[in-house]
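A quick write-up on the structure given underneath.
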Amino acid sequence: MSGFSQLWSWRKPSFRGPEDDLDLEALVNNMNASLEGLFSPCSMHSDTVPLLQNGQHAQNGQHPQNGQHAHGQLPAPTLRPLPPPMSPRPRVQRSQPVHILPVRRLQEEDQQFRTSSLPAIPNPFPELCGPRSPPVLAPGSLPPSQAPVKQDVKIFTEDGTGKVVEILADMTARDLCQLLVYRSHCVDDNSWTLVEYHPHLGLERCVEDHELVAQVEGTMASESKFLFRKNYAKYEFFKNPMNFFPEQMVTWCQQSNGSQTQLLQNFLNSSSCPEIQGFLHVKDLGRKSWKRLYVCLRRSGLYFSTKGTSKEPRHLQLLADLEDSTVFTLIAGKKQYSAPTDHGLCIKPNKVRNETKELRLLCAEDEQSLACWMTAFRLLKYGMLLYQSYRIPQERKAMLSPFSTPVRSVSENSLVAMDFSGQTGRVINNPAEAQSAALEEGHAWRKRSTRMNVLGSQSPLHPSTLSTVIHRTQHWFHGRITREESHRIIKQQGLVDGLFLLRDSQSNPKAFVLTLCHHQKIKNFQILPYEDDGQIFFTLDDGNTRFSDLIQLVDFYQLNKGVLPCRLKHHCIRVAL
């Protein structure tokens, strides 16, 4: 019987007694079952079980059997709950709730689908990504980190004072110099250096900026020590290579055009074959005698000729190997080793500590040839490392902004002659006009000093007393030192043009001496007192240019060459750590 006929039969009135009362709840359930049969073709499927009236489930998507309608029997008065559905995807009815999968489960299914289509890649760390292993490394799975190795190094200055500095094992000489400059409140102009000093052997050398301090200290004896010193000539050969390599001392196995750039490239390029040749005084091993030999320096070592100046292979004999050796300069070669000149150098094997028998002692004819040999030894041994150390400060300076650039020292490129007589200052390009302006400025200083004497000085000291003591506060004044000591200081801090110091004169108690380096030669100029109208002045040119004190004199000759062979550029300085 169809659903409509059933419904029609239910609505027919029946005449029963009071004992045959109908169960209204069962009747409603019957009606719902009939309506379900009508809309069964439009039913939907879902993963959830459809809910009917009173929250009860339908079994397997079928209507509850409330009785046999064909025989006209009514359903039972009570309903019992049915077991849960067995089908995984039962049908769902319209306007009923549908369960939505969580977002995480959808993402996992999508990711599983994507990765399943890609080729399998083996996991390099299965023990870290397994289901039983956490993604975090277990304690103790990595080797314990080692603390940086530190050690104490004692650094000395020229006046004998020392200071213990704690350094790391990987600290270079440049890093240590910058640390000392910071602690000493000095101007870092990239000319400070660390000196390896062996007083018992009479040797010293400037430690290269790239060398490790701890490694160098491991090759030093207990009496040896480090010095903190200026060295303006450390990279001077990169600026003016032609001054360090005379033409008669340099030859090339390859063609060279003789330019400065090509000269340095041949030294820095390991494939080229530069040769430095010339006469050197060589000390015999284990003896006190010296011989003058024709020596040739190549990348493979230092050779001497057994037959005059011949450089044929059969006439060359190995004198020293530079592979495991270091080149030093002799401090007092004449006194300690009976050297024929004061321009001595030494090739010291790294394994030698205190023994002098294995030292290869050499002696050059003059200062220029000594500088050439020392520079060639450094370039052939270290090569490109020296050029990189030379370029690092310049690259850092270029990266700094103008406001963060540190205070620089006086240099020739930054000082020009100026005329401030007009409303605006101008640069004086004519040398004759610059000389005239310098003389006028000197007279102007003298007139100002005279006016100050008439009006009274603001200083509690008398002007004449102040002018004779004010220079002692300057770094370039070294007091009562000998002529030999001043020359030694100039040599130690680099034979560059314009390096100077002032000292007291030994021959005249009222005079001073200006010691100046020019073209690798040291010259001395006496500064004499000059009296005019009861006022004491100082002059270098017999009174033509006068200065009230030595500070004015130094300031003037830093701007103008005057009677000097060059302007004052770098001053010798000694600092206390």
Side-chain angles (χ1 to χ4, degrees), residues 187 407-412 414-421 425-428 431 433-481 486 498-505 508-518 523-573:
V187 177
V407 179
R408 54 172 173 77
S409 59
V410 177
S411 63
E412 182 179 2
S414 60
L415 298 177
V416 294
M418 297 289 295
D419 178 20
F420 296 99
S421 59
R426 66 181 181 89
V427 178
I428 302 177
E433 185 182 0
Q435 180 70 17
S436 176
L439 295 176
E440 293 179 2
E441 185 67 16
H443 292 301
W445 276 339
R446 181 168 59 88
K447 292 179 181 179
R448 284 197 297 268
S449 300
T450 304
R451 278 199 309 270
M452 289 298 297
N453 295 335
V454 175
L455 298 177
S457 175
Q458 301 297 328
S459 173
L461 297 176
H462 192 270
S464 59
T465 305
L466 180 63
S467 63
T468 56
V469 299
I470 192 173
H471 53 267
R472 300 188 181 275
T473 62
Q474 304 301 309
H475 293 295
W476 38 257
F477 187 76
H478 290 250
R480 295 183 178 275
I481 60 175
S486 64
L499 181 62
F500 74 97
L501 62 85
L502 268 73
R503 58 182 176 89
D504 291 318
S505 176
N508 188 353
K510 296 182 180 180
F512 303 93
V513 176
L514 170 65
T515 304
L516 176 65
C517 178
H518 179 64
K523 300 180 180 181
N524 296 277
F525 301 89
Q526 196 170 35
I527 304 174
L528 298 175
Y530 186 88
E531 184 176 357
D532 186 11
D533 295 336
Q535 178 66 23
I536 301 298
F537 299 96
F538 298 96
T539 179
L540 270 173
D541 51 4
D542 297 332
N544 292 328
T545 309
R546 310 168 195 176
F547 307 95
S548 59
D549 53 53
L550 295 184
I551 296 180
Q552 291 183 353
L553 184 144
V554 171
D555 290 342
F556 174 82
Y557 286 105
Q558 283 180 333
L559 295 170
N560 307 274
K561 182 175 68 173
V563 295
L564 299 177
C566 63
R567 290 186 289 182
L568 307 181
K569 302 176 185 177
H570 314 289
H571 62 273
C572 294
I573 180 175

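Small disclaimer: the values here were computed from a predicted structure and weren't measured.
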Got a second to check how far His478's NE2 is from His571's NE2, nearest 0.5 Å? 8.0 Å
Side chain of Asp532, backbone of Gln535: donor and acceptor closer than 3.5 Å? no
Nearest 0.5 angstrom please: Leu568 CG to Tyr557 OH, how far? 9.0 Å
Check the pair Leu528 / Phe538 against side chain to side chain contact (heavy atoms under 4.5 Å, CB included), numbers first and verdict last. CA-CA 6 Å; Leu528 298 175; Phe538 298 96; over 6 Å; no
Any idea which heavy atoms bring Asp504 and Arg480 closest together, and the distance? OD2-CG, 3.2 Å
Taken to the nearest 0.5 Å, the spacing of Leu501 CG from Gln474 CD works out to 14.0 Å
Side chains of Phe556 and Ile551: closer than 4.5 Å at any heavy-atom pair? no
Donor-acceptor contact below 3.5 Å, side chain Asn544 vs main chain Asp541: yes
Between Phe547 and Phe537, does the ring centre distance come in under 6.0 Å? no
Return a table of donor-acceptor pairs under 3.5 angstrom between the side chains of residues 508-518 and protein atoms on other chains or two or more places apart.
residue: Asn508; atom: OD1; partner: Lys510; partner atom: N; Å: 3.2
residue: Thr515; atom: OG1; partner: Asn524; partner atom: OD1; Å: 3.0

So which atom in Lys561 and which in Pro565 form the shortest heavy-atom distance, rounded to 0.1 Å? CD-O, 3.3 Å
So do the side chains of Phe477 and Val554 get within less than 4.5 Å of each other, counting heavy atoms only? no
Taken to the nearest 0.5 Å, the spacing of Thr545 OG1 from Asn560 CG works out to 9.0 Å
